[in-house]
Amino acid sequence: MIAKSKKIKASFIAIVTVVLFFALSWYYVTLIDNALKAQTFLYLSEVGTRGAALVESKVDNELENMETTARLIEAHGDYDHNTMLSLIKLQATKGHYKRMGIVLPDGTALTTDGLALNVADRAYFQEALNGKAAVSDTINDYTDDKPINVYAVPIYRGTEVVGLVVASVNTEDLKKYLEVESFSGQGYSYIVKANGDAVVTSTHANSPGDFENVLELLKSANLRDGDTFDTLAAKMATGKSGSFTSYYGGMERHTIYKPLAINDWYMMTVVPTQVVSIQTQQISWYSFSLIVAALLAMTLLFVIILIFQYRSKRRLERVAYVDEVTGGNNWQKFKQEATAILESKNCNQCALLTFDIDRFRFINEEYGHEKGDQVLRLVVGILEKRMAKQETYARVSGDHFAILCVCDEQDKITRRIKEFIRVLNNERETIGLKEKLSCHFGIYIIEDKTGNLEKIREKANMARIAAKTAENQRWFFYSDAFRKKIGDEKEIIDQMEDALENQEFEMYLQPKYNLHTNRYCGCEALVRWRNPHKGLISPGEFIPIFEQTGFIKKLDMFMLEEVCRILKRWEKDGYPEITISVNLSRKNLKQSDFVERVLNITNQYRIKRSNLEIELTESSIFENVDRMIEIGEAFRHYGFKMAMDDFGSGYSSINLLGNLPLDVIKMDQGFFNSHLKREQNLIVVESIIKMIKKLGMTVVAEGIETEAEVDLLRSLGCDIIQGYYFGKPMTVFEFEEQIF
């Protein structure tokens with residue numbers, strides 16, 4: 001009876017123990033399930049935050065590139081629609097955009113692929129026109145009706161918005177930014193507006209695919225474990241974050257939604273609950289299978305949780321700091337490592353280099369994007385092997401890279417650049433690339449190690465752009481002189497239109513002396529800029545800038561009109577007839593109405609055309625001989641004289657000289673400056689003078705300063721002398737006093 005009682009008691013205790021253990025185990029598993037759900041939402045929140053940062057960073061980088069382009073146009077200073085368009089064609093060819101374009105304030109747009117559109121009804125146009133860089137919601141392309149997003153940045157002239165730089169990307173291309181690895185590849189993200197309209201949907205197998213409005217999609221869904229449908233819509237309308245679990249389309253999903261710092265966009269990060277449920281079942285199986293060792297099961301469970309958290313952290317770090325194409329550092333990782341290096345006590349003098357791959361878009365188009373990605377990975381592989389302890393690198397975006405390197409001497413940097421390009425071209429064949437690769441580098445020696453890295457990179461980028469625009473220059477060092485030069489050029493560009501309007505440009509005349517008649521026979525019109533603050537500015541300071549901006553065309557027409565005005569006044573005042581020569585830029589030769597514009601001005605003043613001599617430089621003539629012949633014959637037909645200036649300065653092709661419609665050849669002063677003392681040089685000059693005269697042309701010697709040179713040239717048969725010996729460039733009044 002006692003034994004039976006004991007058995008009953010033991011059985012009862014055992015049953016109670018088993019029931020209690022199962023109850024505790026069930027309670028434990030329930031807690032774990034809830035903890036996993038909380039961890040899931042926490043992890044989803046972290047992934048969503050990183051994903052939002054990634055998307056915002058990508059958009060910011062694109063807008064930054066666009067703003068850099070806009071600043072370049074502003075620095076260039078020519079706001080002609082086609083001119084601005086030409087300035088962005090290089091970026092359009094090497095960028096990943098569908099197309100780029102320039103939009104005028106009336107909405108008229110010209111694109112780099114030859115389209116003419118009007119985008120005045122686009123929302124991004126109005127936003128950017130109000131002075132704010134903008135990225136559009138998903139809209140349909142006017143040309144093929146495919147979904148696109150458009151970046152737009154204002155172009156300023158002073159404080160006035162005179163146009164926009166725009167670039168469109170296929171919305172499909174934005175989807176790759178959302179392909180963040182989470183929950184073993186089962187998670188996905190998409191972007192919607194605050195009202196639920198889709199901006200960028202996901203192509204992930206677990207996603208609902210394309211949809212028009214996520215709120216419409218969730219109307220019929222069952223929402224729990226978080227926001228209700230009404231609170232979801234209310235939070236999104238007021239820019240708040242949230243989470244919920246929903247069931248629709250035959251699948252239950254956990255969702256985190258966060259606002260982006262772009263328009264009114266929201267990023268929604270999603271994972272199917274089935275993924276979490278599988279993990280929960282595995283943990284439950286471990287718990288119940290180790291029923292006799294509860295403590296061990298709990299320990300094991302905690303280990304699993306720690307591993308899960310560690311992997312989640314590593315995955316998040318990869319999303320945040322690893323470049324998705326190359327597997328190397330991204331810009332965020334670069335900033336983190338570079339800041340640590342620069343703050344280190346052992347940090348030596350450092351430099352920031354930025355570079356890009358020339359004609360990278362050609363590689364993508366000719367070989368495919370996979371080959372382009374192989375080139376990027378090849379670059380990263382070379383950089384990784386060559387980074388020292390206090391150095392780091394990153395792929396910033398596209399084919400743009402940044403390097404922080406130790407810089408003792410500039411020569412060491414240039415040697416490393418040469419070695420990098422050499423290795424790059426040696427190894428390109430390993431990936432089946434035939435074309436030789438080249439890069440342009442911008443280099444900024446870091447002076448303030450506590451400075452903002454974005455500002456430092458901007459200076460390096462300015463140097464890189466300078467290297468790209470210069471001839472035969474693969475790298476460029478940013479310096480105070482470079483910064484001052486950019487500032488001075490911008491100041492000239494900002495003032496040149498007002499200077500022309502305010503009549504700050506003056507015409508000077510330099511006399512020409514005829515050695516046969518021993519009389520002054522003409523002069524050359526030269527421009528001077530009398531700035532009210534700086535005084536007289538040398539042409540060498542502003543003419544090259546005017547050539548670059550195209551403003552030289554306006555200045556040429558101004559000088560031509562001044563010459564016509566003086567010739568007409570001299571005719572009325574009864575002065576002796578002399579010839580005035582005016583030098584016209586090569587920029588004018590490319591204008592189809594060049595001859596017509598010259599005729600309009602000369603006809604207005606009714607001058608005697610034989611008294612006007614049109615000078616073209618040797619380099620401009622031989623740049624396009626056929627065009628020069630066409631223009632020269634037209635001018636001579638109308639009675640003007642044609643002259644070649646700077647003959648012998650480096651481009652002469654004597655065999656073409658007889659075919660050119662010229663009346664006067666002005667021999668460059670390089671022929672005469674102390675060179676005539678050597679017999680060989682004397683023979684060359686004498687032969688050229690005889691040849692020119694046999695061709696029926698007049699010979700003018702420039703830059704003559706001594707009586708000995710005059711006597712020698714007289715003996716060689718030279719016709720006319722121009723130089724300081726017979727007169728420096730002088731005002732019109734001084735010229736009239738001396739010559740007439």
Side-chain angles (χ1 to χ4, degrees), residues 61 64-65 68 321-323 325-358 360 375-428 437-468 470 473-483:
N61 283 341
E64 178 187 353
N65 289 339
T68 300
Y321 298 124
V322 177
D323 179 59
V325 175
T326 65
N329 295 343
N330 63 13
W331 177 242
Q332 297 301 321
K333 182 67 171 178
F334 179 90
K335 288 196 292 186
Q336 183 186 68
E337 292 186 348
T339 300
I341 291 171
L342 294 173
E343 290 177 352
S344 170
K345 294 181 180 179
N346 300 324
C347 178
N348 298 316
Q349 180 68 59
C350 292
L352 182 71
L353 283 68
T354 63
F355 71 92
D356 58 7
I357 303 169
D358 295 343
F360 183 72
V375 172
L376 298 177
R377 287 191 285 270
L378 177 62
V379 170
V380 166
I382 296 172
L383 292 176
E384 283 183 338
K385 293 176 183 177
R386 283 160 175 76
M387 290 295 102
K389 185 177 180 181
Q390 293 287 321
E391 297 179 341
T392 187
Y393 76 94
R395 173 179 173 252
V396 180
S397 64
D399 61 318
H400 290 245
F401 292 84
I403 303 171
L404 181 73
C405 69
V406 175
C407 165
D408 297 332
E409 301 173 5
Q410 290 189 3
D411 286 347
K412 289 184 179 180
I413 294 179
T414 57
R415 284 198 297 270
R416 289 184 68 173
I417 290 174
K418 292 176 183 177
E419 175 64 11
F420 168 79
I421 295 175
R422 184 189 67 79
V423 174
L424 180 63
N425 280 291
N426 285 345
E427 296 188 10
R428 66 184 162 81
L437 295 174
S438 60
C439 307
H440 282 92
F441 288 78
I443 307 158
Y444 177 70
I445 308 299
I446 299 175
E447 299 172 352
D448 181 8
K449 295 179 182 178
T450 62
N452 184 291
L453 277 171
E454 297 287 356
K455 296 291 184 183
I456 292 173
R457 179 163 70 96
E458 182 179 331
K459 292 178 179 178
N461 274 336
M462 289 177 66
R464 176 179 58 82
I465 293 171
K468 293 176 76 71
Q473 193 161 343
R474 290 296 170 188
W475 56 78
F476 195 91
F477 284 87
Y478 185 94
S479 64
D480 290 338
F482 172 68
R483 181 179 62 223

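Looking at Lys412 and Glu409, no side-chain N of the basic residue comes within less than 4.0 Å of a carboxylate O on the acidic one, giving no salt bridge. One finds a salt bridge joining Arg416 and Glu391 here, because a Lys/Arg side-chain nitrogen approaches an Asp/Glu carboxylate oxygen to under 4.0 Å. Taking the charged nitrogens against the carboxylate oxygens, Asp358 and Lys468 do have a contact shorter than 4.0 Å, which makes a salt bridge. In this structure, Asp448 does not pair ionically with Lys455, as no charged nitrogen and carboxylate oxygen lie closer than 4.0 Å.
If you check the side chains of Asn61 and Ser397, you find no donor sitting under 3.5 Å from an acceptor.
Rounding to the nearest 0.5 Å places CG of Leu342 at 11.5 Å from CD of Glu337. In this structure, OH in Tyr393 is found 10.5 Å from NZ in Lys333, a value given to the nearest 0.5 Å. Note that the CG atom of Asn452 and the CD atom of Glu458 stand 9.5 Å from one another [nearest 0.5 Å]. For the atom pair CZ of Phe476 and CE of Met462, the computed distance is 10.0 Å after rounding to the nearest 0.5 Å. The distance from the CZ atom of Phe477 to the CD1 atom of Ile445 is 5.5 Å, given to the nearest 0.5 Å. The line from NZ of Lys459 to OH of Tyr444 is 3.5 Å long, rounded to the nearest 0.5 Å.
When side chains are defined from C-beta on, Glu343 does not count as touching Thr450, because their heavy atoms never get closer than 4.5 Å. Counting heavy atoms from C-beta outward, His440 and Ile465 have side chains that stay 4.5 Å or more apart. Side-chain contact between Arg474 and Lys418 is absent, with no heavy atoms from C-beta onward closer than 4.5 Å. Side-chain contact between Ile413 and Ile443 is present, with heavy atoms from C-beta onward closer than 4.5 Å. Contact check for Ile417 versus Leu353: side-chain heavy atoms found under the 4.5 Å cut-off.
Take Leu424 and apply the side chain to side chain contact (heavy atoms under 4.5 Å, CB included) test, not counting sequence neighbours, and it matches Leu378, Val379, Ile382, Phe420, Leu437, Cys439. In this view, Arg457 and Glu64, Glu454 satisfy the salt bridge (Lys or Arg N to Asp or Glu O under 4.0 Å) rule, not counting sequence neighbours. Not counting sequence neighbours, the partners of Trp331 by the ring pair (Phe, Tyr, Trp, His ring centres under 6.0 Å) test are Phe334.
The two residues Cys350 and Leu404 come nearest to each other via the heavy atoms CB-CD1, 4.0 Å.
Each of Thr68, Thr354, Asn65 was evaluated against Asn461; a single residue qualifies, Thr354, per the side chain to side chain donor-acceptor pair (under 3.5 Å) test. If you run side-chain contact (heavy atoms from CB on, under 4.5 Å) between Thr326 and each of Val375, Leu383, Leu376, only Leu376 comes through.
Within the 3.5 Å criterion, the main-chain N or O of Ile357 finds a donor-acceptor partner in the side chain of Asp399. Using modelled atom types, one side-chain atom of Thr339 and one backbone atom of Lys335 make a donor-acceptor pair closer than 3.5 Å. For Gln349 (side chain) and Ile446 (main-chain N/O), a donor-acceptor pair under 3.5 Å exists by modelled atom type. Side chain of Arg377 to main chain of Val325: a donor-acceptor pair is present (N/O by atom type, distance under 3.5 Å, no hydrogens or angles).
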| task | Show your working on side chain to side chain contact (heavy atoms under 4.5 Å, CB included) between Arg464 and Phe441 and close with a plain yes or no. | result | CA-CA 5 Å; Arg464 176 179 58 82; Phe441 288 78; over 6 Å; no
| field | Verdict with reasoning, Thr392 to Ile341, per side chain to side chain contact (heavy atoms under 4.5 Å, CB included) | value | CA-CA 9 Å; Thr392 187; Ile341 291 171; 4.2 Å; yes
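Using the six-membered ring where Trp is involved, Phe401 and Phe355 have ring planes that are parallel, under 30° apart on the 30 and 60° scheme.
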